[in-house]
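To start, the structure under review is shown below, and the notes come after it.
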Amino acid sequence: MDPLILGFAVVNGLLIGGIYGGVALGLSLIFGVLRVVNFAHGSLLMVGLYTAYWLQALAGIDPYASVIFTVPLLFCMGYFIQRVIIAPLIWRESALVVEPLSALLLTAGVYLVIDNLALMAFGPDVRSASTSLDMPPIMLGPIPVNMQRFIGFSAAILAAIGLVVWLRQTRMGRAIRATAQNRDAAALSGIDVPMIYAVTFGVGTALLGLFGSLLATFIPITPNVGLSFGIRSFIVVVLGGIGSIPGSILGGLVIGVFEAIASQFVPATSAAILSLGLFILILLVRPGGLMGKL
Amino acid sequence: MSGDGTPLLQVRGISKRFGGLQAVHDLSFDLRRGEILALLGPNGAGKTTAFNMIAGYFRTDQGRILFEGRDIAGRKPWDICRIGIARTFQLSKPFSDLTVAENLMVGGFVRRSEIDEIRAKALEIADFLGMGHQAATEVQHLTAFDRRKLELGRALSTEPKLLLMDEVVAGATPSEAQEMVELVRRIRDRGVTILIVEHVMKVIMALSERVIVMESGRLIANGKPKDVVRQPEVLKAYFGEGYAARA
Amino acid sequence: MALRISKNMGAPQLATKSGYGRMATLLVVAAGVVALALPIAMPDPYFVHSCIVVLLFAYMATSWNFVCGYVGQLSIGHAMFAGVGGYATVLIFSRLGISPWLGMLVGGVLAAMLSVVVGYPTFRLKGPYFALTTIAFAEMIRIWVENTDTFLGIPLNGAAGITVPLVGESWVAFQFNGKTPYYYVILVMLVLALLATWRLERSKLGFYLKAIRGDRDAAEALGISPARYQLVALAISAFMTGVGGGFYAQFFRYVNADRLIGVEFSIDLALMSIIGGQGTVFGPLLGAVLLTPIAEITRGHLGGVLPGLHIVIYGIILILAVLYLPKGLIDPLRSILSRLSKNGRSA
Amino acid sequence: MTHSISRRGVLGIAATMALGSKAFAQPAEVVIGWILPLTGVSASVGQQTRVGAQIATDQINAAGGIKSLGGARIRLVFGDSQSKPDIGVSETERLIQRENVAAVAGAFNSAVTFPASEVAQRYKTPWLTMGAVKDEITERGFEYVFRLNNKAIYDAREQIDAMDFFKKETGKGPKTLAMFYEGSDWGRSHAANVRKLAKERGYDVVLDEAAPPNQVDFSSQLLKIRAAKPDALIVAFYTPDQLLLSRQMMEQRLDLPYGVHSVGGGTEDPAFYKAISPRAVAYYFVQEDRQVDALQGVRYPEYDDLEKKFRELLGYNMSAYGAQGFATMYVLKDALERAASSDRDKLRDALAKTDITSGPALYVGYQRIKFDEHGQNTFAHGAISQNLDGQRRTVWPAESRAKDIKPIWPVPAFGARS
């Protein structure tokens, strides 16, 4: 294989892999704290993408500027979903332990509702947003690096760092970590666990608002675009170690580079089979993932 | 009654290490047919580790565990159950969406295949536990103490020769503890040999003919309860912290 | 469900339970009579066709429930077993000329073999990990079949799928012009699956699966090797699902990977079982009987007007069921039955 | 594109069987069924077809319905296949049994059309294939199955024919081809046909690559194309993937001397052109099911009404799917008039004798509609357009070209475009 082509493949793999990791951050955070597998994760990204699209189509707001709207909006959606749909499950279980399967089914229901509401509201047509900023590719030696993807990649890294710092340094962050470690003990020491849950869910989906805005400029937007990211996000999170923030990014990078290089040797369809196989293998051999504490 | 004297279980030099921690070090003891042996020791002494090694939940790093003369070290929990060793768990783990009778039936399949027979046996055990009237109750509606009794009954349902019990009276009221002591005695009287890990001294004094004491993974004493509690190393290791604090 | 409760266990409850059991038995017998008479009473082919679809999903959901409901694990990959069964049935008939009746059984056996390969490593995983792994396995197989035209000389025909060669009305070829024969075939299959589940309830395997669902460690202490019994149950479930895939192929006369091995198909089976009441004999049947027509009616009446609405309704039902009927729709039905039986006694 | 569009029309005459007789009756209703993917990944196609068919139906009814049936009005009923074969079959059963349709049209996806048209055959109900291009659909000896549009093999042949023709015309042309297509039914079957024809015509296929649907990044595949250095690229993708591919090709300035040759799919979807920068699709060759330029000569008033209403309802210009839905209804109207009956057998016989050489049924751009003994419209053909100054203009066949149009061949590199 031509080393230049391989270099291209690695750079592309890192860029898209970082984006996968960034999109998966919220999934990992929510699982780490609430033990809820959010099946609607991809659908919420779709909401972020459409929000960015409509802000541009109706109000002429550049997708990059729309972050100031998408992030709060998605935070509220996440907060609302937790408070209204998932919290009753927690009350029913009377303990603060949600049965992972019930939660998975609930979020699967949310996914069906959101995706098809989007179909009813926006129709099945493909949309795209575009930025008015001029973004020529930057050159990494002979390899051009696409700016829009590079921004997505950088945002993923920064979001992960920001999240880690926030969880370590702030009162709220520490309360979230305490809740993740032992929700009963956290509740006993006066932490408002339901509120922590809702905030965590909100933050996890707010990240999707961010990536909705950043990806809207280069991802085709359809009501079922979430599916493209959904299953891959699960792979990324499991690979990196469920609940681990750096693990999410690392998992994304590994999958991105793995698929990019594999695709040079086999068709994309076979590469997809290989990454599913890698996913199964990791779960079986090292269920804690690359960065898991197991 | 102190058994017929022939050893049922012979533990020979078993050890277990978790990372840097030597949880059990070269532990040896015998358990005679028909006796109730108590395993004592402060928290972290390695009691539960030793217990889990016998029950097949942990692999032994070295040493042998002979049951009726056969080495069972390294066997899987379900095989160990099949050869006649039953156990209870420190935190009772009933099958909460099944009824009492159904809980008591599960273990019966190890010895029998006729379902009516198994059901009859399960109802008999329920009566034995004093829970006959609750046979059709779903376990999630039981009190904590009834769940403990059920845990014991479920172990009995496998018709064991040896019963390993982990802290059966933890959290029980004095009168419940008394009931449990009675129950354990009656189990022994049915011919079941018992190894019991217990913290509550009163229970041990009332039940066991012999105690062994562990500290930091090693055996430090072995004898009649009254004698053992006078040994200085036992006093230091055990009563110095755990028991004194509890009492 | 009814049958589970009718086990006579404790003396004091005996009266209630048998009263309840009698009601349940009556209901089952009545349902059976209705099921037998349906195509005669309502010979409209579309109606019979819809009934077959309901029964097929009921059968598939019952097969799913056989392992997943009883050990409390969520498989979202059961379609792979249906796919193996469906493809095997069609290929054995079209390539070797062997009757699909035999082909369905071979397909079932192949599905059971696949299930052992998949289940052996997978069953060590719990909860969402298990669910995600089953999706991954099924997706690997789906993508592979979609992109494989021939494998070892077997024409899988890639994404195009395979049609069943038409030979006209023939019992041997399992092809009928009318709907009624298919109806009775799937009805018999469903009854057999229900009987198998009913047997499971009172068998060692059933008790063992429920024990594993309750607590794995405790189950091990009672002489149960979880891996072994879960695998046995999975193999039986996969066999049943595979045979169902064979029926699907014969009835629709077409198999393709996108649908038959697709995630959506797997999700449908799981949802019907869960919404109806998993881990019970009749829960999956109830789920299929209620959900399939809802999907069909909303699709028929709203699909052309408000595309997507029927799936929204489906999603809302799922959310409500998980929140308010965690044991499935069978649970309130059960309490109604026992109330009725009490009233009956006092009257 | 042909591939994904299927047309299905079910004509049902509700309850008024007396109509067939010469007795003078109230204007009755003829029910026509359509099976379309109204939800799921192909929902866009289903909706466009539905709108096209509905507009045609409204026009027919407004113009007095089916005159030989005493002015019977046509009513459409739709079934949503969700692109799933079993659901398509069930919906076909419903339309035939419950809605009592006179004919069924559909169902875009070959995977649905295959088993669903067999249902129609079994019930002796005419089935008008819309969109599904799989050759075998009309090769099973089913006398009730008709197809207005191209077969898959026609699509591939037209693409290669056009290349051969440009080569002859200019003396220049590609030697090596790369194929990149979506890895499900349509893309793969098209690729198989191209592969076969390319070999016969002496083209060297240097890359043959499928991708699973709904990708989020094509960088790796573009690298492979770059490394293979083909003279031209043949693609077959649905809209989302086509959008991603076209954008990334422009971003990465992946130049192919003889351009991108797409077979319908996303490049026929008006939503695609709304979403993509015109620069990204400049000089694209698109194999189209509908030939806009060929229609410039003959305009029927129905066309203006159609195009206006279509834009009002969907927000973009007429698509090939909408055109097929529209044309299918006029083919059915023609057959109903001649059958003077909504009886399924009579309607079938009338359809078999269809020979349309004028009128709105030709809106897709065919010069004639006539079915062969397999039910295939042998006059079905597509055209190849090239995207010139932001418009797709027909460049092949030569006789369909507008006077001012000449293909740009080879195509300028991205760097050389203004």
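Source: prediction; values computed, not measured. Residue numbers begin at 1 in each chain, while the letters A, B, ... track the order of the sequences.
- Residue with the most contacts toward chain D among L56(C), V255(C), N157(C), D149(C): D149(C) (heavy-atom pairs, distance under 4.5 Å).
- Considering every non-hydrogen atom in both N177(C) and R122(D), the closest pair reads O-CD, 3.9 Å.
- Between the CZ atom of R259(C) and the CD1 atom of I87(D) there is a distance of 5.0 Å, given to the nearest 0.5 Å.
- Side-chain contact check for N256(C) versus P85(D): some heavy-atom pair is nearer than 4.5 Å.
- Looking at Y46(C), the atoms closer than 4.5 Å to chain D (heavy atoms on both sides) sit in the backbone and in the side chain alike.
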Pair I162(C)-F114(D), side chain to side chain contact (heavy atoms under 4.5 Å, CB included): steps then yes or no: CA-CA 10 Å; I162(C) 309 176; F114(D) 234 103; over 6 Å; no

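- Heavy-atom distances place no part of L260(C) under 4.5 Å from chain D, backbone and side chain included.
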Report the C-alpha separation of R98(D) and F47(C) in whole Å, then their side-chain angles, then the decisive distance to 0.1 Å, and conclude whether the side chain to side chain contact (heavy atoms under 4.5 Å, CB included) test is met. CA-CA 9 Å; R98(D) 264 300 138 75; F47(C) 178 74; 3.8 Å; yes

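- Contacts of D44(C) with chain D are made by side-chain atoms alone, with heavy-atom separations under 4.5 Å and no backbone atom involved.
- Contacts between E136(D) and chain C at a heavy-atom distance below 4.5 Å are absent for every atom of the residue.
- Salt-bridge check for E93(D) with K179(C): passed, with a basic side-chain N closer than 4.0 Å to an acidic carboxylate O.
- Shown here for A210(D) and N147(C), the closest heavy-atom pair between the two residues is CB-OD1, 4.3 Å.
- Residue S184(D) comes nearest to A159(C) through the heavy atom pair C-CB, 3.4 Å, listed as atom of the first residue, atom of the second, then distance.
- Heavy atoms of Y248(C) lying under 4.5 Å from chain D belong exclusively to its side chain.
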Does the pair E118(D) and L166(C) meet the rule for a side chain to side chain contact (heavy atoms under 4.5 Å, CB included), with working shown? CA-CA 10 Å; E118(D) 195 208 301; L166(C) 280 179; 3.7 Å; yes

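- Sorted by first then second residue, the side chain to side chain donor-acceptor pair (under 3.5 Å) pairs that include residues 50-63 of chain C, not counting sequence neighbours, are S50(C)-E296(C).
- In terms of heavy-atom proximity, F252(C) sits nearest to S90(D) at CE2-OG, 4.2 Å.
- Using a 4.5 Å cut-off between heavy atoms, A43(D) does not touch chain C at all.
- In this structure, the separation between NE2 on H49(C) and OG1 on T92(D) is 8.5 Å, given to the nearest 0.5 Å.
- Note on K84(D) versus D258(C): no salt bridge recorded, every NZ/NE/NH1/NH2 to OD/OE distance being 4.0 Å or above.
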